[in-house]
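See structure below.
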Amino acid sequence: MFNVNDIRQDFPILSRKVNGKPLVYLDNAATSQTPQQVMDVIVDYYSNYNANIHRGVHTLSQEATDLYEQARLKIQTHFNAQFSHEIIFTAGTTHSINIVASGFTSLLKKGDEIIVSALEHHSNIVPWQMLCERTGAILKVIPMSEDGELLMDVYKELLSEKTKLVFVNHISNALGTLNPIEYIIDQAHRVGAAVLIDGAQACPHLKPDVQKLDVDFYVTSAHKICGPTGVGMLYGKEAWLNKLPPYQGGGEMIDQVTFEKTTYANLPHKFEAGTPNISGGIAFGAALDYMNGIGFDNIHAYEQDLLHYATAQLLEIEGLKIYGTSKNKTSVISFNLKGIHPYDVGTILDKLGIAVRTGHHCAQPIMDFYKIPGTVRASFAFYNTKAEIDVLVEGIKKAKMMLS
Ligand code: C6P
């Protein structure tokens, strides 16, 4: 295990005050904080290597290109992709999903079926609805239970030879449920459907192995894994990425351009039009180095301990209800206080220096399922402490007293 006090020294923001109180940052599912080591890489890039990549013969451009491509190799190794060109740098999870959804326009026909789950973030619903509008394909939904688990028997019934695509998140952002993606992928492949897994909430907590999972597409954002915002990854099996058309046209994604005809570059550049977020890509690699330095087994064990500690304490508060009670869940707790709007609880917690997210968490269908407007969501990272959870619990008690 690691020493959390040492780890916290890596995150300067954790020592700041908010509203005169020490910051208790429990909004890690929205975005994680950035360690000094990753910030240093960004400063180093702009101090020493800033140049456009893949374009110049000059030294700076070559050095920047090397750093960027080294980051791609780090990401390939981290996710155990077979080839580095199966890793496409994107602006984040949303962008990655849209690349795939757009690419499937020419591969689907009227009456084909697409399956998503009831636990999806809007990023994994809306692009598929738009794809259905373009193609006449039909969207089907795997329902969920009161505990926030997907109903696998219904999923099996939904699958047929009409199913062309299945999209499920690895971990739900609103409830923290860890979905049985191995089973979901295996069953989809039995009917010949491709699978995209949205790993935005999983990658901060575990290390997916895309070859072992045999997943067709896996997507994530760097900013939830101690990296910067505005950069992420689309992993796709080589055969699928070759089959999909480019998403955007522009510089760097071409082989030859004439006014009569353009041919496209090979992978990964086919999907990387324009000047990318170079420092972001390099910092994404550095963030994975940082997380791997701590170790995902250690991170998982520590966060599970925080989850159980917090759950036990929160359940002692009368009138507090937790949404998402699967046995397989990560360190996310969504809850409400009886008769009190989540926004009001969040506002009082903020006055006490505690950052949580309130609202529908970009997952309105989940809120509709529970017939609630939203929840308060506390999400813990490996740099949080039990002392911070104690501050949260006291804060909730105070909010309850003030708002009842
Ligand atoms: N969820 C949350 O507070 P982007 O914004 O592209 O980096 O990630 C979108 C996204 C997609 N899928 C899942 C499961 C997600 O959790 C998110 C981002 C944040 O829950 C911000 S809405």
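Both counts, for ligands and for their atoms, begin at 1 and track the order of listing.
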Quiz item: Counting each atom of ligand 1 from 1 as listed, which ones have a heavy atom of Asn173 under 4.0 Å away?
Solution: 2 (C), 16 (O), 20 (O)

Quiz item: Judged by non-hydrogen atoms, does His223 sit under 4.0 Å from ligand 1?
Solution: yes

Quiz item: What do you reckon, does Gln201 have a nitrogen or oxygen under 3.5 Å from a nitrogen or oxygen of ligand 1?
Solution: yes

Quiz prompt | For ligand 1, the portion of Asp198 having any non-hydrogen atom under 4.0 Å away | solution = side chain

Practice problem: Give a yes or no on whether a salt bridge exists between Lys207 and Asp297, defined as a side-chain N under 4.0 angstrom from a carboxylate O. | Solution: no

Practice problem: Ignoring hydrogens, just give me the one of Arg377, His170, Lys224 whose non-hydrogen atom is nearest atom 19 (C) of ligand 1. | Solution: Lys224

Quiz item: How about His78 and Tyr235: are their ring centres within less than 6.0 Å of each other?
Solution: no

Practice problem: Enter the distance from Thr375:OG1 to His361:NE2 here, rounded to the nearest 0.5 Å. | Solution: 2.5 Å

Quiz prompt | Salt bridge present between Asp112 and Lys109 (N-O < 4.0 angstrom) | solution = yes

Quiz item: What part of Arg357, side chain, backbone, both or neither, has a heavy atom within less than 4.0 angstrom of ligand 1?
Solution: side chain

Practice problem: Measure up the Phe83 and His85 rings against each other and bin them: parallel (under 30°), tilted (30 to 60°), perpendicular (over 60°). | Solution: parallel

Self-check item: N-O pairing of Asp390 and Lys386 below 4.0 Å
Solution: no

Practice problem: Identify, for atom 6 (O) of ligand 1, the protein heavy atom at the shortest distance, and state residue, atom and that distance. | Solution: Thr94 OG1, 2.6 Å

Quiz prompt | Numbered atoms and elements of ligand 1 in range of Thr93, under 4.0 angstrom, heavy atoms | solution = 6 (O), 8 (O), 11 (C)

Quiz prompt | Contacting atoms of ligand 1, where contact means under 4.0 angstrom from a heavy atom of Cys362 | solution = 22 (S)

Quiz item: Just heavy atoms, cut-off under 4.0 Å: does Ser221 contact ligand 1 by side chain, backbone, both, or neither?
Solution: side chain

Self-check item: Atom indices of ligand 1, in the order listed, that fall short of 4.0 Å to a heavy atom of Ser123
Solution: 9 (C), 11 (C)

Quiz item: Which residue and non-hydrogen atom of the protein lie closest to atom 15 (C) of ligand 1, and at what distance in Å?
Solution: His121 CD2, 3.3 Å

Practice problem: Classify the ring geometry between Phe382 and Tyr290 as parallel (under 30°), tilted (30 to 60°) or perpendicular (over 60°). | Solution: tilted

Quiz item: For the residue pair Phe11 and Tyr25, is the inter-centroid distance of their aromatic rings smaller than 6.0 Å?
Solution: no

